[in-house]
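Report on the following structure.
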Amino acid sequence: MSGHTADEMMAVEAARRLSSDTVCFVGIGLPSLAANLARRTHAPGCVLVYESGTIGAKPAQLPLSIGDGELAETADAVVSVPEMFAYWLQGGRIGVGFLGAAQIDRHGNLNSTVIGPYETPKVRLPGGGGAPEIATSVQDVFVMLRQSARTFVDELDFTTSRGDRVRVVVTDLGVLEPRHGELTLTQLHPGATVEQAVAATGWELRVADDLRQSDAPTEEELRALRALETKGVAA
Amino acid sequence: MSGHTADEMMAVEAARRLSSDTVCFVGIGLPSLAANLARRTHAPGCVLVYESGTIGAKPAQLPLSIGDGELAETADAVVSVPEMFAYWLQGGRIGVGFLGAAQIDRHGNLNSTVIGPYETPKVRLPGGGGAPEIATSVQDVFVMLRQSARTFVDELDFTTSRGDRVRVVVTDLGVLEPRHGELTLTQLHPGATVEQAVAATGWELRVADDLRQSDAPTEEELRALRALETKGVAA
Amino acid sequence: MAEIVSLTEAVRELVSDGDTVALEGFTHLIPHAAGHEVVRQGLRELTLVRMTPDVIYDQLIGMGCARKLVFSWGGNPGVGSLHRLRDAVEHGWPAPLEVEEHSHAGMAAAYAAGAANLPFGVLRGYFGTDLAARTRVASVTCPFTGEELAAVPAHRPDVGVVHAQQADRDGNVQLWGITGVQKEVVLASARSLVTVEEIVDELVPVPGGVVLPGWAIDAVACAPGGARPSYAHGYYERDNDFYVRWDAVSRDRDTFARWMQENVLEAVPA
Amino acid sequence: MAEIVSLTEAVRELVSDGDTVALEGFTHLIPHAAGHEVVRQGLRELTLVRMTPDVIYDQLIGMGCARKLVFSWGGNPGVGSLHRLRDAVEHGWPAPLEVEEHSHAGMAAAYAAGAANLPFGVLRGYFGTDLAARTRVASVTCPFTGEELAAVPAHRPDVGVVHAQQADRDGNVQLWGITGVQKEVVLASARSLVTVEEIVDELVPVPGGVVLPGWAIDAVACAPGGARPSYAHGYYERDNDFYVRWDAVSRDRDTFARWMQENVLEAVPA
């Protein structure tokens, strides 16, 4: 098996959790990579919905923007943005929603708004976008986020979206899932250690009794992944 | 000049009140005839909007139903019914709205719901349809209604729509317009008399000091009218 | 994912006695074939929802399928009354019919709210009408301006039924022409049935086309001509003469019953 | 009826200092040419509204045109930060920027409410977020179920600006591909400007096309390439490299100022 990057491991691990009857709301970057990978491998029926209004998009290559023309061209339907948020997301028709963030806490609450105080931020982040309502409208929220003590924090600077429906957090070190009301390390990627994961977490990270190792990406997964990653800037 | 029917006189008289920059909300029957006549004669730019969602429809012949396929085929745009009522009618984009009814009172309030008590009606009429909101959303309401004491009543059995914006009532005998807060006879069609109009009104009909006679339909108006009236059941 | 089934099977699986059923199609694509199947299966106590109860609702009401009607305009377009509807309301025949009456704007807002999973829709409407006191409408106050607006409860039918031109083999549906509230009723309903003129290998997008993905629909049934005497844009025209003839057929209870026996009950479903 | 005018004239006639202006286009058809004309005309104290402030808003903010920003996601898509936006918020350069921040769902509902002439939009949103306390959102109670929902004040910009593919000589506009909130912003605004790739003799309906009648628009200006570096579906692609380069250009105040001088201020308007 050839080597793989941390991003590839993350995409593969998230993709494996999607099936052919999943309708997922996808943002740009790793989520888009994961969802498209699933569609190209074990879950050809997986439906990709982008907040730009494209329903059932089937891009051949990874879009740089959620509004890439290819998404509209390959979609089953293109709807207006108000319709997307009202009828499709709020309508409860989306199974899985992917989210990223600058900070996450042990309950899966996310911050993508500011670092520092809201009125006088140290860093003004792009903001929530679709996240606040994705987090409360889809059945299952998947978070994809590189793990570090700066990102996995004891207390958020700002709550952009709620964690109630976060079912899984895929990081570059492993996988966290809610257990007894708190995100708990349930999986380690090949080569990562519990110590690394604990060190990269700003709260006292719990480790599941049944901690298991992630399967490394297969040749087929990597091939499909790399075929997707050829457009514009890397995802 | 050849003879003309009462309906033709009504259509012609209503059509004359539309201009090329009028956007009008049109129902089936006489209103549709009047608006299409205007478009075919002095007001080619008059925009016809049907509540079925067709904006800028240009039917060659009179539709029997507001949903006739020709309306969609010739429209500038076709929108959904929720959009029609929310963005276009309620949005305040319609200048003139045509209404008919089974009863009208001196204030232009209309009844198209029931004759007799609501719970135990003597006659169950079709109901308001678009009328309640047309009556309060367009700038000017035009009513087209054959005049009789059964129809022009002292008191409505039911108020389906409000009369505040009724600017003109075109009947088979003449024209009523609001003067000092009450619909007043301002015009008589050729051949009709004040006595007829008074007899055909269930309240004590006021007659305007400047009562004038309607111009009979011109040859051109009648020709255009009759060219429209060839499809299905007469409007 | 929509299952592609026969109309008989679809109605049997999706519709039960007592359900709230919306057969929609605003002046176009009216699902007559599906309505006839409801009649044939002898469904009872239905709450029927529809902006413009048309001949098909006259038939369902006349055959005693309905307990309640939710609507905004109940006439025979361009012709006059719906006599079976009137007979039910005016004389309780064949059974009393409860009526919940709205305006078009109210019905449209209620469907849109249902599709959006909101409990109510907001509109500038019903003010100054006697309807306001007779129907399910309330007022809400704008928290920013203090303005009062009308609120209607969202439509959330048990079953939504529409007719469309085409479906593909995965149950994706495309319809075009006047699209009415077709999308809203499918999305607002707990279960949905789309009858189609034909099943095609591939849906080719057309101008003005509305596509409903198969995964948002429960059942698709092929029912060519399923909108007749209404029309299907690009397939066949409205049978205006039928609407005129219906006036005479429906005026008399026995004539109506005979017509339904011959043309619906004894007909073979699509 | 829309007047067909030059972009310079359109901006001069429609936009004034202090106006609330929404230049929309959700990831597609972003009206860069119109934004550049706003910069060239030196407009000031604008309240800028846009779901996804993009490079064009970074430019307007960096050039000191804005007093306030109403938005839901302010980044360089696929690249990172908007440095001029950050500089304004973090350091008040070139001027302090008031921020009214929403979610996408809230912005979309606010535009839809504005288009529908309602004072507020209703959604299931903002709950449990810190945003709720920081922005203009209130709660409304469903008069039927007692449920509490979020209300956002309707967007009613003074001027709405969008880019589209085509207009005909009567000012009727057609746009297609990702249609975003284009229709809503035009209908919600007191005045509207549509820039187009080309003026054609006849608008031929395309699948997925949205048509805005000329009588619902104030001005149409021909601005070929007017969305660049964004894209116009069917005309040209997104200049992804530009978005990457913008990161470096915009990081430094002087580099930014120089770039704007050379590429916008000294450029000849469309």
Side-chain angles (χ1 to χ4, degrees), chain B residues 28-29 50-54 63-69 71-73 75 77-86 89-90 109 111-114 116 118-137 156-164 231-235, chain C residues 25-28 51-53 71-82 85-86 88-90 99 101-109 111-112 115 121 123-132 134 176-184 208 210 230-231 233-234 237-238 240-241 243-244:
Chain B
I28 237 44
Y50 289 82
E51 64 189 8
S52 53
T54 56
L64 176 65
S65 140
I66 51 165
D68 262 27
L71 297 179
E73 271 156 23
V78 180
V79 302
S80 75
V81 164
E83 179 180 325
M84 174 54 68
F85 281 95
L89 181 64
Q90 182 174 274
N109 300 310
N111 172 22
S112 53
T113 305
V114 284
Y118 185 78
E119 300 296 347
T120 52
K122 189 160 155 272
V123 181
R124 173 64 236 199
L125 301 164
E133 286 76 22
I134 292 172
T136 53
S137 300
L156 299 180
D157 288 14
F158 191 93
T159 302
T160 307
S161 69
R162 287 168 53 161
D164 314 47
K231 190 178 181 181
V233 175
Chain C
F26 196 85
T27 74
H28 174 213
M51 293 184 71
T52 55
F71 78 113
S72 43
W73 192 85
N76 183 341
V79 179
S81 288
L82 291 176
L85 165 55
R86 279 187 58 182
V89 173
E90 295 170 12
V99 156
E101 186 167 2
H102 288 277
S103 64
H104 279 351
M107 287 287 283
Y111 277 126
L123 71 156
R124 297 182 185 276
Y126 294 91
F127 287 129
T129 71
D130 285 344
L131 203 53
R134 298 289 185 175
W176 63 92
I178 287 167
T179 56
V181 290
Q182 307 284 83
K183 179 184 278 187
E184 284 74 15
V210 166
S230 174
Y231 74 108
H233 201 113
E237 297 209 354
R238 190 173 188 272
N240 290 331
D241 292 341
Y243 280 83
V244 176

Can you tell me which residue pairs pass the salt bridge (charged side-chain N to carboxylate O under 4.0 Å, His left out) test with a partner in residues 128-137 of chain B, sequence neighbours excluded?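 Of all non-adjacent pairs touching residues 128-137 of chain B, none passes salt bridge (charged side-chain N to carboxylate O under 4.0 Å, His left out).
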Partner chain B: residue of C/Q182, C/K183, C/R86 with the largest heavy-atom pair count (under 4.5 Å):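 Looking at each of C/Q182, C/K183, C/R86 in turn, C/R86 comes out on top.
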Interatomic spacing from [atom1] in [X] to [atom2] in [Y] - rounded to 0.5 Å:
X	Y	atom1	atom2	value
C/R124	B/L89	CZ	CG	12.0 Å
B/N111	C/T129	CG	OG1	11.5 Å
C/T27	B/Y50	OG1	OH	12.0 Å
B/S52	C/H28	OG	NE2	10.5 Å
C/D130	B/T113	CG	OG1	8.0 Å
C/E101	B/Y118	CD	OH	3.5 Å

Under 3.5 Å: donor-acceptor pair, side chain of C/E90, backbone of B/R124: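 Side chain of C/E90 to backbone of B/R124, a donor-acceptor pair under 3.5 Å: yes, one is there.
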By a 4.5 Å heavy-atom criterion (distance strictly below it), what part of [X] contacts chain B: side chain, backbone, both, or neither?
X	answer
C/F71	side chain
C/Y126	both
C/M107	neither
C/A109	neither

Could you have a look at B/G130, B/S112, B/G116, B/S161 and say which one has the most heavy-atom pairs with chain C under 4.5 angstrom?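 The option with the most such pairs is B/G130.
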Quick one: list whatever passes salt bridge (Lys or Arg N to Asp or Glu O under 4.0 Å) with C/R238, sequence neighbours left out.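 Scan of C/R238 (salt bridge (Lys or Arg N to Asp or Glu O under 4.0 Å), adjacent residues dropped) gives none.
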Any chance you could lay out the side chain to side chain contact (heavy atoms under 4.5 Å, CB included) test for C/L123 and B/Q90, step after step, and finish with the verdict? CA-CA 8 Å; C/L123 71 156; B/Q90 182 174 274; 3.5 Å; yes
Residue [X] versus chain C: region with a heavy atom under 4.5 Å:
X	value
B/S80	both
B/E83	neither
B/V114	neither

